[in-house]
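The structure appears below as structure tokens.
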There are 2 protein chains.
Amino acid sequence: MIVTIKDVAKRANVAPSTVSRVIANSPRISEQTKKRVREVMEELGYHPNFQARSLVAKSTQTIGVVMPNSAYYAFQNPFFPEVLRGISTSAHENKYGIYLSTGSDENEIFNEVVSMVQGRRVDGIVLLYSRINDKTMKFLHDSNFPFVVVGRPFENEERISFVDNDNIYITKQVTKYLIELGHRHIAFVGGSLHFVVTIDRLNGYKLALEEADIPFNEEYMVHEEYIKENGREAIRLLMSLDSPPTALVTQDDLIAYEMISHLEDMNVSVPNDISIISFNNLMLSEHSKPPLTSVDICIYQLGLEATNCLIEKMNKPDSLPKRITIPTKFIERKSCKKKK
Amino acid sequence: MIVTIKDVAKRANVAPSTVSRVIANSPRISEQTKKRVREVMEELGYHPNFQARSLVAKSTQTIGVVMPNSAYYAFQNPFFPEVLRGISTSAHENKYGIYLSTGSDENEIFNEVVSMVQGRRVDGIVLLYSRINDKTMKFLHDSNFPFVVVGRPFENEERISFVDNDNIYITKQVTKYLIELGHRHIAFVGGSLHFVVTIDRLNGYKLALEEADIPFNEEYMVHEEYIKENGREAIRLLMSLDSPPTALVTQDDLIAYEMISHLEDMNVSVPNDISIISFNNLMLSEHSKPPLTSVDICIYQLGLEATNCLIEKMNKPDSLPKRITIPTKFIERKSCKKKK
DNA sequence: CTGAAAGCGCTTACAG
DNA sequence: CTGAAAGCGCTTACAG
């Protein structure tokens, strides 16, 4: 029922190897033969079997995309569809397919990646997160498999290709912006410290405080885990400190929305009573009330460049690791105000 | 460098076929042999080659997910990450992988699907849209390949498995709700008439008007294409009609946000001057100003059930086509008001 | 309970 | 310019 290369060969009166060469458009086959074979392929509706071709060619023309904590949770965060847009564009342009991980915890993801790599299911991998002491990244690095990280690797930074924003710098700038508006009580909200992105942003935040001679206050750090558990309580506690913050640096717009909504319930107005600045510049940030001041980290570009870089690496396995920094844009809207 | 079944066989002093049987956990192999072979597999870090296995087993354990108009655009609409969440969950539970389409126009998608099917790259397909006269769906149907549609097929409805909401009914209800609030000038905004979902919703809308003896007014139909081109102008035109609408049924929350934002610029207040009701109940609908009255169409469920259904179909190719209707929830918030 | 052999559908030296 | 043969890494009748 399925037509194979042999069927085409028989019908066109050539050997299977000739058909194969026509598919590959080998210059060693005469135009006449090519034409005839192509006509037969068309006539029979022939399409090369992907598995057979991959098996012998040792290439799948497929990129594996690995998300943290399963697609299930990941897709709740608009970051991931947006990087995927970038990845998809580059993959499509370069005629690669996309294979998506679905593992739902660290171990599952690790096992998935191992079998993708060892089982040669994909030619390369885009890792969409960077976690501290991540065995998946370590495995990829140790097995010398082509991969690119979106985010800064925690270890072996100079030996791994990655695409990232300069999170330390931009968070420093953003915190400085708040300081220049007169704020001295600035909290840092959200982000799990297991991820390098949080560590970097926290460091940028600290650097700005340091430069302004503002002491770092442990109470001003609200952890992701706590927010997830009870966001309302987290912000209530923060606001009931002896000297509550007058400004917030939040890890992403999603958390910012949540905070704004809880603050409203507490009759704390943004930006009149408290300023908020965040990251990612999601589509809705423009339409929210108040419109969010946010850093556009160019998520689409992160995905696009990561994939371009990966494809380059797959073509030249011996090329040196590459670090690509995607510039960001500070989008000033209405969620920050001079301190009264 | 890559360890194959032969390496394991040699090291374990058995035949490759025995190793293969151990992988498949065949009951015909002694526990003792299994143990030994498994130890060797562990020791050598053996993982079966995916392509080789698929080639002979004629199964890839992979589901193809086909989006309309490329992942590039699709991921701008929160609908798609959310269905993907559902798909991913079911796929993962059933140990299937996900292969994502990336084609950027109708023809590319069609060719992609043909080569997925003929090239046996996937075992089944979830089609994430239903368009009128769609050659991709026709091809899938004609080739008798396992597939499930999210949405109602335009043709061959009783011969194709699909998962959908009852769009006619719910849109009728929603329109009735507006009518009961006293509105008689109700516009229908957005949605391309090439998609069956729009046709169904439009019909539901018309049914409600009919029942209330309100004539259908062509001027009250604002097409998707026009909104995309110039949303501001579209709503301006609508509001400058002799009798402008006092209520809007919009195709999805995204369009509703856009409309609200333009209306605001025109000093038209929602819901005081105009009521808006929409579909999808995106995460942000709750936090928008005003909070949107919307129909929760349970996008996640659509993806989950579609995939479950597909997997069932792949296991029993001769099972009858199935139609699954996902119930919806009407979420009343603050974007609708009694007509003054 | 295990092995030798054939074969899945391709590609690619090798030969002519 | 084209073909016959070997082989990619598996699985699965068939035989014992």
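Just so it is clear: chains get the letters A, B, ... in the order the sequence lines come, proteins before strands, and each one is counted from 1. Atom set for the values below is all heavy atoms of this structure, side chains included, hydrogens, waters and symmetry mates excluded.
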Among C/dG3, D/dC8, D/dA4, the one nearest any side-chain atom of B/V14 is C/dG3
Derivation and outcome, salt bridge (charged side-chain N to carboxylate O under 4.0 Å, His left out), residues B/K135 and B/E106:
CA-CA 9 Å; B/K135 60 178 174 179; B/E106 249 187 278; over 6 Å; no
Would you indicate, yes or no, if D/dC8 has its OP1 or OP2 atom less than 4.0 angstrom from a side-chain nitrogen or oxygen of A/S54?
no
Salt bridge or not for B/E82 and B/R85, using N-O below 4.0 Å?
yes
Nearest-angstrom distance from the residue atom CD1 of B/I23 to P of C/dT2:
15 Å
Ion pair present between B/D142 and B/K138, side-chain N to carboxylate O less than 4.0 angstrom?
yes
Which part of the nucleic acid, if any, lies within contact of A/T33, taking any heavy atom under 4.0 Å across all strands shown: a base, the sugar-phosphate backbone alone, or nothing?
sugar-phosphate
Base D/dG9 to side chain A/R120, donor-acceptor N/O within 3.5 Å cut-off
no
Taking only Lys NZ, Arg NE, NH1 and NH2, and the carboxylate oxygens of Asp or Glu, determine whether A/K35 and A/E31 approach each other closer than 4.0 Å.
no
In whole angstroms, how far is the C1' atom of C/dA4 from the CD1 atom of B/I5?
14 Å
Do any side-chain nitrogens or oxygens of B/S20 fall under 4.0 Å of OP1 or OP2 in D/dT11?
yes
Mind checking B/S17 for me? I need base, sugar-phosphate or nothing, with any heavy atom below 4.0 Å counting as a touch.
base
Between C/dT12 atom P and A/K58 atom NZ, what is the distance in whole Å?
11 Å
Rounded to whole Å, how long is the line connecting atom CZ of B/R121 with atom P of C/dC10?
14 Å
Given side chain to side chain donor-acceptor pair (under 3.5 Å), test A/Y300 with A/T89 step by step and report yes or no.
CA-CA 9 Å; A/Y300 174 81; A/T89 304; 3.2 Å; yes
Classify the nucleic acid contact of B/F50 as base, sugar-phosphate or nothing, counting any heavy atom under 4.0 Å across all strands shown.
nothing
Here the distance between atom C1' of C/dT2 and atom CG of B/N25, to the nearest Å, is 16 Å
Mapping B/L55 and A/R21 onto DNA chain C by nearest heavy atom, which one lands closer to the 5' end?
B/L55
Closest nucleotide among C/dG3, D/dT12, C/dT11 to the B/R28 side chain
C/dG3
Rounded to whole angstrom units, what separation is found between the CG atom of B/N49 and the C1' atom of C/dC8?
13 Å
Between B/S30 and C/dT2, is there a contact of a side-chain N or O with OP1 or OP2 at under 4.0 Å?
yes
A/N13 CG to D/dG3 P, in whole Å, measures 9 Å
Assigned partner base of D/dA13, Watson-Crick or wobble definition, under 3.5 Å:
none
My understanding is that a pair needs two contacts under 3.5 Å, Watson-Crick or G-U wobble. By that rule, which nucleotide pairs with C/dA4?
none
Whole-Å distance, A/I29 CD1 to C/dT11 P, equals 12 Å
